[in-house]
Amino acid sequence: DMDYVNNNNEFIDIYYRFKQEVPQVSSIWSAKIEYRHKFNDKHSLNLGADTYYSNIDNDDKVWTWDNGGYINDENRTNHLKIKESTTAMFLSIRSNWNQYFSSTIGIRPEYTYYKGEQHITNSDFTNNYFKLLPSLSIGYNPSKNHALSYTLSNRITRPSYSLLNPFRRYTSPESSSYGNPYLKPSNNLYQSLNYTLYGKNMFSISYGHTTDAIYSPQIIKGDNTIEMSPTNYGKEKNLRLSYNFYSSYWKGKAYISVDASFTHYFFKGNANGVVIDNTGNKFDFGINNMLTISEKNQLYFSVGIYFQPKVY
């Protein structure tokens with residue numbers, strides 16, 4: 001390292017003027033109980049509960065170079081512990097109404113609580129939220145060559161621990177990022193309508209709607225440094241049309257798959273003062289072939305083509 005130090009014991013390369021350690025110790029426990037009951041040949045019940053608990057300890061340290069050696073930077077060092085618990089129940093009822101129609105309806109209430117303790121500043125923060133998440137699926141199969149289905153689901157995406165940790169991490173002397181302990185989970189509503197023809201062709205149209213979406217914009221400060229911090233900025237929507245084909249040939253020794261999709265997306269909101277209003281389209285197309293040369297020796301040959309034009 002001395003090659004980077006001048007005669008005044010100062011680092012010439014700014015990337016060596018500080019160093020950091022971000023060790024993490026995690027303890028995670030989970031449990032689940034489930035009960036299934038079949039009322040008759042047409043109706044069945046699935047009932048249960050699950051719980052999740054985590055205890056994450058981050059003892060983050062930063063040292064800066066001063067007068068020929070590294071010293072602890074108390075303004076950047078932090079010791080944070082976060083305890084999180086999530087408890088949920090789930091209930092679903094599946095019904096086969098006749099040889100053509102089937103349905104499944106469900107509900108999942110969830111409660112999440114977490115608490116963070118910052119030992120350096122002797123401060124703490126808490127957050128909690130309750131969510132009621134419904135689901136529905138309906139199937140219609142008029143014959144063995146035709147199948148129609150509809151699904152609706154509501155799920156949440158919880159922010160990861162790294163997004164909650166308010167400790168500032170430096171990716172370079174001029175850029176840093178820090179978490180937001182008061183982030184809310186993103187709520188995702190998804191609907192899909194699918195049609196399957198001859199068991200090989202699937203046509204789908206789906207719609208996704210996300211509220212409290214999370215984004216970390218780059219903010220250029222007055223001193224030309226860059227910082228990033230996540231926030232619940234707004235809404236995300238997407239409409240997707242897709243086609244999938246799968247078939248085997250050569251007496252089952254080879255198969256071909258084709259995937260094509262078109263997506264129209266929409267992002268809108270405000271992230272830490274940055275206005276987001278983005279609309280665009282995306283197209284994907286791919287073909288894949290796989291040939292079994294020797295099952296005994298597990299020898300296969302695969303070739304594929306994937307095409308994705310510029311997003312517009």
Side-chain angles (χ1 to χ4, degrees), residues 100-106 108 133-160 163 185-217 230 232-250 252-269 271 275-292 300-312:
Y100 305 118
F101 285 97
S102 63
S103 66
T104 302
I105 186 170
R108 179 182 174 90
L133 308 173
S135 62
L136 171 68
S137 68
I138 301 174
Y140 174 59
N141 301 289
S143 69
K144 66 177 182 179
N145 295 326
H146 304 273
L148 188 67
S149 64
Y150 168 79
T151 60
L152 180 148
S153 63
N154 195 351
R155 293 289 182 265
I156 62 173
T157 302
R158 299 181 184 85
S160 64
L163 295 179
S186 298
N187 191 74
N188 310 295
L189 178 66
Y190 178 80
Q191 298 182 75
S192 176
L193 182 63
N194 309 295
Y195 170 61
T196 303
L197 177 64
Y198 296 116
K200 298 179 179 180
N201 303 271
M202 177 178 285
F203 304 86
S204 300
I205 178 171
S206 61
Y207 173 74
H209 184 191
T210 300
T211 56
D212 289 323
I214 298 174
Y215 178 60
S216 300
N232 296 105
Y233 80 92
K235 299 179 180 180
E236 298 178 356
K237 301 178 183 179
N238 67 82
L239 178 66
R240 186 172 186 264
L241 306 174
S242 64
Y243 169 73
N244 307 96
F245 172 79
Y246 175 88
S247 181
S248 62
Y249 60 96
W250 199 14
K253 294 184 178 181
Y255 76 82
I256 181 174
S257 63
V258 179
D259 300 282
S261 67
F262 171 80
T263 304
H264 176 74
Y265 59 85
F266 168 83
F267 304 149
K268 188 171 185 177
V275 177
I276 298 175
D277 190 354
N278 187 14
T279 302
N281 304 291
K282 184 176 69 171
F283 176 72
D284 298 273
F285 178 78
I287 300 177
N288 186 60
N289 270 278
M290 177 171 282
L291 172 65
T292 303
Y300 307 94
F301 175 76
S302 178
V303 60
I305 300 174
Y306 181 73
F307 174 69
Q308 184 183 63
K310 184 178 180 181
V311 177
Y312 62 95

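Quantities reported herein were computed from a predicted structural model and do not represent experimental measurements.
- Considering all non-hydrogen atoms of both residues, D212 and P185 come closest at CB-O, 3.7 Å.
- L189 is listed as a side-chain neighbour of L152, based on a closest heavy-atom distance under 4.5 Å.
- For the pair F266 and D277, the minimum side-chain heavy-atom distance is below 4.5 Å.
- Looking at I138, L193, N141 one by one, the single match for side chain to side chain contact (heavy atoms under 4.5 Å, CB included) with L148 turns out to be L193.
- The NZ atom of K237 sits 11.0 Å away from the OG1 atom of T210 when rounded to the nearest 0.5 Å.
- Each of N288, L291, N289 was compared with Y255 under the side chain to side chain contact (heavy atoms under 4.5 Å, CB included) criterion, and only N288 meets it.
- Within 6.0 Å of OH on Y306 lie more than 12 heavy atoms contributed by other residues, nucleotides or ligands.
- You'll find the side chain of R240 reaches within 4.5 Å of the side chain of S261, heavy atoms only.
- Here S103 contributes atom OG and F101 contributes atom CZ; the two are 10.5 Å apart, rounded to the nearest 0.5 Å.
- At a threshold of 4.5 Å between non-hydrogen side-chain atoms, the residues L136 and T151 do not count as touching.
- Considering every non-hydrogen atom in both F283 and P309, the closest pair reads O-CD, 3.2 Å.
- Between L197 and H146 there is a side-chain heavy-atom pair separated by less than 4.5 Å.
- Expressed to the nearest 0.5 Å, how far OG1 of T157 lies from CG of N188 amounts to 4.0 Å.
- We find the CG-CD distance between N278 and E236 to be 10.0 Å, quoted to the nearest 0.5 Å.
- Screening N194, N201, T196, D259 for a side chain to side chain donor-acceptor pair (under 3.5 Å) involving N244 leaves a single residue, D259.
- Distance alone, capped at 3.5 Å, is enough to place a donor-acceptor pair between the T292 side chain and the K253 backbone.
- You'll find the side chain of V258 reaches within 4.5 Å of the side chain of F285, heavy atoms only.
- Of the possible polar contacts, none joining the S248 side chain to the A254 backbone as a donor-acceptor pair under 3.5 Å is found.
- Atoms OG and OH, from S149 and Y140 in turn, are 13.5 Å apart once rounded to the nearest 0.5 Å.
- Closest approach of Y215 to A271, counting heavy atoms only: CD2-CB, 3.9 Å.
- At least one side-chain heavy atom of I256 sits under 4.5 Å from a side-chain heavy atom of F245.
- If you take CD on Q308 and NZ on K282, they are separated by 6.0 Å, rounding to the nearest 0.5 Å.
- Under a cut-off of 6.0 angstrom, the local environment of OH in Y243 is crowded, with over 12 non-hydrogen atoms contributed by other residues, nucleotides or ligands.
- Here the side chains of T279 and H264 are in contact, with some heavy-atom distance below 4.5 Å.
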